[in-house]
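This report concerns only the one structure given below.
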There are 2 protein chains.
Amino acid sequence: MKRKVSLKDIAQQVGVSTALVSYVLNGQEKEKRVGEEIASKIREAARALNYQPNQIAKSLKSGKTHTIGLIVADIANPFSAHIARIIEDEAKRHKYNVVFGSSDENAEKAWDLMKVLLNRQIDGFIIAPAEHAEEQVRYLQEHHIPFVLIDRYFPGLPANYVALDNYKAAYEGVEHLIQKGYKHIGMINFKSGLHHLQERTRAYHQALQDFNLPAAESWCREVNEDMLKEDMDQHLQDLLLSGQPVEALFLASNKIAIHGLKFINEHKLRVPEDVAVIGFDETDAYELFYRPVTHIRQPMAEIGRAAVQALLQLIAGNPEPTQLNLAATLVVKESC
Amino acid sequence: MKRKVSLKDIAQQVGVSTALVSYVLNGQEKEKRVGEEIASKIREAARALNYQPNQIAKSLKSGKTHTIGLIVADIANPFSAHIARIIEDEAKRHKYNVVFGSSDENAEKAWDLMKVLLNRQIDGFIIAPAEHAEEQVRYLQEHHIPFVLIDRYFPGLPANYVALDNYKAAYEGVEHLIQKGYKHIGMINFKSGLHHLQERTRAYHQALQDFNLPAAESWCREVNEDMLKEDMDQHLQDLLLSGQPVEALFLASNKIAIHGLKFINEHKLRVPEDVAVIGFDETDAYELFYRPVTHIRQPMAEIGRAAVQALLQLIAGNPEPTQLNLAATLVVKESC
DNA sequence: ATATTAAGCTTAAACGATTAAACTATCAAG
DNA sequence: CTTGATAGTTTAATCGTTTAAGCTTAATAT
């Protein structure tokens with residue numbers, strides 16, 4: 001790589017010290033009263049040499065990198081990709097960059113990633129924490145490193161977060177099924193200690209109870225992320241093809257829903273006649289399924305923007321707590 | 001943020017110079033013959049203080065950041081997200097990090113991004129170039145900045161790239177339709193000057209000609225990326241619902257295919273009876289459509305890995321040219 | 001006894017920028 | 001003719017590392 005043009009080169013060319021060059025190029029010529037003539041010579045030379053400041057050097061001096069570290073749960077999930085993009089855009093609006101990592105729902109990997117990003121002196125974090133990532137959160141707090149959690153948080157561990165009101169969102173979803181007249185309602189969720197997922201299950205149970213509907217334990221199933229297909233097939237078999245199939249199914253995430261819809265296709269079940277479906281999050285699949293799927297949509301743009309804004313506040317030294325549980329939207333289509 | 005522990009702190013604690021600390025922590029104690037005792041004291045102190053080297057300072061010194069700049073065309077497209085993830089993983093295997101940007105198919109934005117990343121002293125680029133990005137490529141060449149193009153390249157502009165053999169891939173797709181007995185075959189592609197897209201159209205025409213099939217100009221349509229829905233609806237209306245509809249449709253990208261499938265759903269057309277479909281790239285949609293969609297799959301993992309490996313070669317100073325046109329796989333399902 | 005070598009450590013410059021402090025020249029006021 | 005202010009510039013330290021070169025001290029060879 002051709003050696004880059006530095007302040008020194010400009011200084012030499014114009015015949016001044018690097019200090020002057022720095023002042024001029026940072027628009028401090030007034031405060032530091034740099035001579036008109038010299039100033040324009042410097043600007044001229046900078047342009048001629050196509051000077052590009054070395055951000056590494058700048059960062060070393062200032063301790064600021066104007067960079068946000070983003071750790072998402074699984075970049076292969078469109079949810080993560082979408083929110084990453086929003087965060088990138090919002091950050092860019094504020095002249096911040098984003099560097100990325102995916103923890104793949106693995107606290108260990110998330111920890112490594114955090115270390116790597118910290119060594120790169122990022123100014124703060126936006127993190128979708130994995131299960132068992134409490135220690136990580138505490139580390140950040142103890143070291144006074146600005147961060148905002150998104151999508152998930154740990155109820156026992158006060159921290160800034162921007163998330164969904166998962167209980168309310170799920171409740172409304174189940175309520176919708178109930179109002180449509182379904183009585184035997186099943187649910188599939190991830191088996192996970194993550195609070196935001198548990199809230200969805202809690203809402204499901206509560207809604208059934210509030211409306212005095214029958215609730216069999218066997219109607220609420222949990223699948224392992226790492227053997228999703230096998231688990232899904234097993235549970236769907238039980239729920240949909242057994243002697244007493246459920247009439248409606250609440251699928252508590254986009255990945256779960258995708259598998260569910262595939263299963264339904266494969267077994268030529270009719271939606272909503274054989275089984276009504278309601279999904280969570282977004283995926284092309286919902287619109288593309290032969291009967292577009294009613295689903296619970298998260299306010300992605302709001303989450304992303306609020307997270308960036310909260311983080312930048314923190315970085316600026318403004319410790320206003322941000323703890324948002326935003327509302328979801330029920331998108332009614334034809335699947336129930 | 002609490003001030004971080006530096007080499008100096010360790011040096012002070014142990015009572016030696018920073019040089020020794022640096023040697024020990026970089027495993028040069030043998031070459032630089034550091035005393036056994038001191039060395040272990042240094043390691044001890046480093047652990048006790050939880051020393052994390054400041055990568056910014058390291059980079060400033062070495063001129064290396066161990067970071068690859070990745071510019072994808074549109075991070076919202078699963079194609080980009082997927083390849084980004086593969087590149088990230090592969091880079092990580094080689095102890096490299098990846099910083100990201102999305103050009104949103106806009107050469108201007110790509111240029112800005114490149115400047116930003118360059119100022120951060122990334123060691124090299126992997127770029128999916130936007131249309132009209134030739135100047136950018138030339139800039140990189142002139143400045144001897146290591147880079148590898150992916151997915152697309154400019155035929156007139158020799159550069160390293162890892163891409164698909166789009167002509168062959170598309171030809172095989174159309175050939176498949178022909179062998180299935182379809183005679184009136186339409187195609188929808190993006191209106192774009194990008195070579196890789198044009199190759200798909202060229203293959204379509206050539207295949208029809210080679211097999212002596214009728215080819216009406218009006219069967220090959222082009223849509224604008226920025227008004228995709230409107231254009232698609234218009235053309236699909238013409239192709240599928242006119243007096244003389246086509247029997248089969250080659251949809252030349254995942255986004256185009258998704259819109260196409262939605263249209264087909266909305267208008268209750270039967271696949272493949274009313275219209276056979278073949279898609280390009282990957283999307284959940286293909287598996288999820290009520291009749292799983294035959295499609296042309298790109299070897300994502302190979303592309304990503306080859307690109308990283310080629311780039312690291314370049315960075316290491318090894319100027320072997322890499323110009324790969326990899327083969328696609330025809331994934332046969334039930335849509336034709 | 002003297003030179004040589006090796007071991008074990010420190011010094012200081014360098015990377016590229018920022019910035020407080022010092023310096024010089026010019027001019028005005030007392 | 002001082003003194004002081006002002007404008008315009010340079011000097012040098014600093015951020016946290018790396019690393020060539022230099023410095024001791026002790027051991028070994030001649």
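In what follows, every chain begins at residue 1, and chains take the letters A, B, ... in the order their sequences are listed. If you're wondering where the values come from, they're calculated on a predicted model, not measured in any experiment.
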*Grab the NZ-P distance between A:Lys30 and D:dG8 for me, whole Å please.*
11 Å
_Flag side-chain contact, heavy atom, 4.5 Å: A:His196 against A:Asp151_ = yes
*Remember a base hit wins even if backbone is also touched, and classify B:Ile56 as base, sugar-phosphate or nothing at under 4.0 Å, heavy atoms.*
nothing
*asked:* Using whole Å, what does the distance between atom P of nucleotide C:dA7 and atom CD of B:Glu37 come to?
replied: 18 Å
*Does a side-chain N-to-carboxylate-O contact under 4.0 Å join B:Glu36 and B:Lys41?*
no
*Atom CZ of A:Arg33 to atom P of C:dC27: distance rounded to whole Å?*
16 Å
*Atom-to-atom span, CD of A:Glu31 to C1' of D:dT6 - whole angstrom*: 16 Å
*asked:* So B:Leu70 and B:Val99, do their side chains get closer than 4.5 Å, heavy atoms only?
replied: no
*Verify the contact: side-chain N or O of A:Tyr51 to OP1 or OP2 of C:dG16, cut-off strictly under 4.0 Å; return yes or no.*
no
*Euclidean distance, atom NZ of residue A:Lys8 to atom C1' of C:dA13 [Å, nearest integer]*: 10 Å
*Candidate nucleotides C:dA20, C:dT18, C:dC15, ranked by approach to the side chain of A:Lys32 - the nearest*: C:dA20
_Closest listed nucleotide, where the reference is the side chain of A:Lys58 and the choices are C:dC15, C:dA17, D:dA7_ = C:dA17
_Does any part of the side chain of A:Ile126, heavy atoms only, come nearer than 4.5 Å to the side chain of A:Ile87, both counted from C-beta?_
yes
*asked:* Please pick, from C:dT10, D:dT17, C:dT18, the nucleotide with the shortest atom-to-atom distance to any side-chain atom of B:Ser17.
replied: C:dT10
_A:Ile42 CD1 - D:dG8 C1' separation (whole Å)_ = 11 Å
_A:Asn160 vs A:Thr322, test: side chain to side chain donor-acceptor pair (under 3.5 Å). Steps then yes/no._
CA-CA 5 Å; A:Asn160 293 310; A:Thr322 301; 4.6 Å; no
*Give, ordered by number, those residues of residues 19-29 of chain B having at least one heavy-atom distance below 4.0 Å to an atom of DNA chain D; if nothing qualifies, reply none.*
B:Ala19, B:Ser22, B:Tyr23, B:Asn26, B:Gln28
_With a 6.0 Å cut-off (strictly less than), is the heavy-atom count around CD of A:Glu108, excluding the residue itself, greater than 12?_
no
_Which nucleotide wins on minimum distance to the side chain of A:Leu60, given the candidates C:dG16, C:dA6, D:dT17?_
C:dG16
_Any donor-acceptor N/O pair under 3.5 Å between D:dT17 base and B:Lys61 side chain_ = no
*Quickly work out the A:Asn54 CG to C:dA17 P distance and round it to whole Å.*
5 Å
_Atom pair distance, as rounded to whole Å: NZ in B:Lys64 and P in D:dT19_ = 14 Å
*Are B:Val14 and B:Ile10 close enough that some pair of their side-chain heavy atoms sits under 4.5 Å apart?*
yes
*Show your reasoning for whether ring-ring contact (aromatic ring centres under 6.0 Å, His included) applies to A:Tyr153 and A:His195.*
CA-CA 7 Å; A:Tyr153 61 96; A:His195 181 246; 5.4 Å; yes
*Taking the six-membered ring for Trp and the single ring otherwise, decide whether the centroids of B:Phe147 and B:Phe125 are under 6.0 Å apart.*
no
*So, are A:Glu90 and A:Arg85 salt-bridged, with charged N and O less than 4.0 Å apart?*
no
_If you assign each of B:Val34 and B:Ala57 to its closest nucleotide in DNA chain C, which residue comes earlier from the 5' end?_
B:Val34
*Between the two end axes of the helix from C:dA1-D:dT30 to C:dG30-D:dC1, each built from 5 base pairs, what angle do you get to the nearest 10°?*
80°
